[in-house]
Enquirer: 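Quick one: the structure is below, questions incoming.
Only a predicted model underlies this, so the values are computations on that prediction, with no experimental measurement involved.
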Amino acid sequence: MLQAARVDPEGLVGMFEKLQEGRGQTPSALQYLSTHPLTAARLAELRQLIRNGTVDPVPLLPEVEWAQVRSFCGS
């Protein structure tokens, strides 16, 4: 959906990488009991979708506006 909207999906990959860092490794056997795929599986799927993507993303905010948003958020 992000690619269809011409949004760069790398931000979503970064979010899942941060989640994975914070959680550590979850045994794959627990995936059977989970309602969501393991973070590692999500990352692999996202990376595959990005490799197969054919749409060039466009920036959602110009660089100046993004800097302002970041300053409001304290980073």
Side-chain angles (χ1 to χ4, degrees):
M1 285 190 273
L2 291 174
Q3 287 180 335
R6 297 188 64 198
V7 174
D8 188 353
E10 289 294 334
L12 186 59
V13 170
M15 182 199 73
F16 278 114
E17 287 173 341
K18 290 268 186 207
L19 284 174
Q20 190 173 31
E21 288 172 12
R23 295 184 76 199
Q25 292 291 66
T26 305
S28 59
L30 293 181
Q31 185 173 6
Y32 178 75
L33 301 173
S34 175
T35 58
H36 298 291
L38 295 176
T39 303
R42 289 180 181 197
L43 278 167
E45 179 71 17
L46 284 170
R47 288 182 178 126
Q48 182 64 40
L49 289 169
I50 289 169
R51 278 192 296 275
N52 294 338
T54 58
V55 177
D56 290 327
V58 295
L60 295 178
L61 293 172
E63 208 44 52
V64 172
E65 289 180 28
W66 179 241
Q68 291 173 336
V69 170
R70 290 183 64 147
S71 72
F72 295 144
C73 296
S75 60

Enquirer: With sequence neighbours left out, write down each residue that passes salt bridge (Lys or Arg N to Asp or Glu O under 4.0 Å) with Arg47, or none if nothing qualifies.
Expert: Glu17
Enquirer: Could you state the interatomic distance from CG (Leu46) to CG (Leu12), rounded to the nearest 0.5 Å?
Expert: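 One gets 5.0 Å once the value is rounded to the nearest 0.5 Å.
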Enquirer: Would you tabulate the side-chain donor-acceptor contacts of residues 51-59 under 3.5 Å, counting partners in other chains and residues two or more places apart, or write 'none'?
Expert:
residue, atom, partner, partner atom, Å
Arg51, NH2, Gln48, OE1, 2.8
Asn52, OD1, Gln48, NE2, 3.4
Asn52, ND2, Gln48, O, 3.4

Enquirer: What pairs with Glu10 under side chain to side chain contact (heavy atoms under 4.5 Å, CB included), at least two apart in sequence or on another chain?
Expert: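 For Glu10, the residues satisfying side chain to side chain contact (heavy atoms under 4.5 Å, CB included) (neighbours in sequence not counted) are Asp8, Val13, Ile50.
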Enquirer: Please give me the minimum heavy-atom distance between Thr39 and Phe16, naming the atom from each residue.
Expert: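 Closest heavy-atom pair between Thr39 and Phe16: CG2-O, 3.2 Å.
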Enquirer: Tell me whether Leu49 is reachable from Leu43 by hopping between hydrophobic residues (I, L, V, M, F, W, Y) whose side-chain heavy atoms are closer than 4.5 Å.
Expert: no
